[in-house]
Amino acid sequence: MKFGVHAGLWQRAWSDDPAPIMSRVKALGYHGVELSLLGVGFADAGKLRTLSDNLDLALTCSTGLGVGEDPGSSDPERRSAAIKTLTGAVKTAGAMGARNLSGVVASPWGYFDPARKAERAKYASETLAQLDGVLRGEGVVLGIEALNRFESDLTNTAAETTAIAKATGSQNIGVLLDTFHMNVEEKSPPDAINETGKALVHFHISENDRGVPGSGQYDFGAAAQALSRIGYDGWVVAEMFVMAGNPASADVNIWRNIEADPTEAARTTLSFMQRTFSQ
C-alpha cells in the first residue's frame, strides 16, 4: 500500500505553486503527493517531475471537467471538448511521471440531468473509451470518481461508477472510491469496495467532515479489511479540505475550519494510515 496526501490540503487556490508543498509532504514521510491539474498544466510537468525525482516523492493527479466539457452530453461538441481536456490531462500526468489520474471525469462537476441519466452514462462510457490509446501510450490509469448526490447525479454509487468504467472496455480505466462520498451514498461502504473489486484503481480517504481520518464516525478498519479482501495494494490518498475562507475551499463547500492546522492534520493522518492500512 502506498500512502499519499492531496496538495489541496494546503492550497488556497488550485494555481498555488505545489513545489513547497511537495517538500513538506516528503518531510512528513508520505510516499507521494496528489496534484490537481486544475492549476497545473503541461508546461509545469517537467519541473515537477524533476522535483519529484529529486525528492523521491511519487506523484498522482486529479482533475475535473467544466459544464462545457461533458462526456455524457448529446452534443458532440461538448463530448469532443471533454476528450480534448482529458487528453491534455493524461499527457500532463504522463509527463510528470504520474501513473494515476482520477477525478470528476464522467460528467461535469455540479451538473445534474437525472431524466437523461441512462443516456448520459452510455455516452460517457463511449466517450471515455476514446482515451484508451493515449492512456496506454502514457502509461496512465484513469479513475472515474464516485461522487455524492450534491456534486453529481451520474456516478453516485460504486456500482454506477463501475458500470461506466467497465463499459469503456479499457484496461486503463477504473474507479476512484472516496470515503467522504461513500459515507453519504453507500448503505455499506465495505460492500461497495468488495463489489468494485479489481475495477478499483485509486482510493481517497477523509473523515465524514473531510477532516482527519479516525476523528469521526467513518469505519476505516472495515474499509481496510475490504481493500485487503479484494487484493488492493495501490494508492490510499488523504484528500482532506480543512481551511475555510479561500477560493479552493469554497469550491468544495468548506465554510468553517475543520482542523486547526493542515500540516498537523497531515502528520496525524499518516500515522493513522500506517496503523490502519499497512498490510
Run the side-chain contact (heavy atoms from CB on, under 4.5 Å) check on Val40 and Met96 step by step: do they pass?
CA-CA 10 Å; Val40 172; Met96 289 166 55; 4.2 Å; yes
Going by atom types only, do [X] and [Y] share a side-chain donor-acceptor pair under 3.5 Å?
X: Trp10; Y: Thr263; answer: yes
X: Thr196; Y: Asn194; answer: no
X: Thr50; Y: Asp53; answer: no

List in chain and number order the residues that pass side-chain hydrogen bond (donor to acceptor under 3.5 Å, both in side chains) with [X], two or more places apart in sequence or in another chain; answer none if no residue qualifies.
X: Asn148; value: Glu151, His181
X: Ser107; value: Arg120
X: Ser271; value: Arg275
X: Ser62; value: His6

Exam field: side chain [X] to backbone [Y], donor-acceptor pair closer than 3.5 Å:
X: Asn257; Y: Ala244; result: yes
X: Thr276; Y: Phe272; result: yes
X: Ser52; Y: Leu57; result: yes
X: Asp153; Y: Asp113; result: yes

Closest contact, heavy atoms only, [X] versus [Y]:
X: Leu270; Y: Gly29; result: CD2-C, 3.6 Å
X: Ala158; Y: Ala146; result: N-CB, 4.4 Å
X: Leu200; Y: Val175; result: CD1-O, 3.5 Å
X: Ser206; Y: Thr179; result: O-OG1, 2.7 Å
X: Leu48; Y: Leu59; result: O-CD1, 4.0 Å
X: Gly197; Y: Ile230; result: O-CD1, 3.6 Å

Show me the pairs that pass ring pair (Phe, Tyr, Trp, His ring centres under 6.0 Å) and involve residues 70-124, at least two apart or across chains.
none
Ring pair (Phe, Tyr, Trp, His ring centres under 6.0 Å) contacts touching residues 24-52 (sequence neighbours left out):
Phe3-His31
Would you say [X] and [Y] make side-chain contact, with heavy atoms under 4.5 Å?
X: Asn100; Y: Val140; answer: no
X: Met273; Y: Ser278; answer: no
X: Asp209; Y: Arg256; answer: yes
X: Leu177; Y: Thr161; answer: no
X: His204; Y: Leu176; answer: yes
X: Ile193; Y: Phe203; answer: yes

Should Arg267 and Glu264 be marked as a salt bridge (charged side-chain N to carboxylate O under 4.0 Å, His left out) after you check the CA-CA gap, both sets of side-chain angles, and the distance that decides it?
CA-CA 5 Å; Arg267 181 179 292 109; Glu264 186 57 34; 2.7 Å; yes
Can you give me every donor-acceptor pair (side chain of residues 84-91, partner residue at least two apart or in another chain, under 3.5 Å) with its distance?
from  : atom 1 : to    : atom 2 : distance (Å)
Thr85 : OG1    : Glu69 : OE2    : 2.8
Thr85 : OG1    : Ala81 : O      : 3.2
Thr87 : OG1    : Ile83 : O      : 2.7

Assess whether salt bridge (charged side-chain N to carboxylate O under 4.0 Å, His left out) is satisfied between Glu160 and Lys117, documenting all intermediate values.
CA-CA 11 Å; Glu160 291 172 332; Lys117 190 166 179 174; 2.9 Å; yes
Cluster membership besides Phe180, Ile/Leu/Val/Met/Phe/Trp/Tyr side chains within less than 4.5 angstrom, sorted by chain and number, is none
Hey, could you give me each pair passing salt bridge (charged side-chain N to carboxylate O under 4.0 Å, His left out) that has a residue in residues 17-35? Not counting sequence neighbours.
none
In short, salt bridge (charged side-chain N to carboxylate O under 4.0 Å, His left out) pairs touching residues 171-193 with sequence neighbours left out are Arg149-Glu185
Check: residues 210-223 side-chain donor-acceptor pairs under 3.5 Å, at least two apart:
from   : atom 1 : to     : atom 2 : distance (Å)
Ser215 : OG     : Val212 : O      : 2.5
Asp219 : OD1    : Gly221 : N      : 3.3
Asp219 : OD1    : Ala222 : N      : 3.0

What verdict does the side-chain contact (heavy atoms from CB on, under 4.5 Å) test give for Gln274 and Phe277, after you've listed the backbone C-alpha separation in whole Å, the side-chain angles of each residue and the deciding distance to 0.1 Å?
CA-CA 6 Å; Gln274 291 168 332; Phe277 293 96; over 6 Å; no
Which residue pairs pass the side-chain hydrogen bond (donor to acceptor under 3.5 Å, both in side chains) test when at least one of the two sits in residues 163-176, sequence neighbours left out?
Asp132-Ser170
Where do Ile205 and Val237 land on the side-chain contact (heavy atoms from CB on, under 4.5 Å) test, with the steps shown first?
CA-CA 6 Å; Ile205 66 169; Val237 172; over 6 Å; no
Could you please spell out the steps behind the side-chain contact (heavy atoms from CB on, under 4.5 Å) verdict for Thr155 and Glu145?
CA-CA 7 Å; Thr155 56; Glu145 185 167 13; 6.0 Å; no
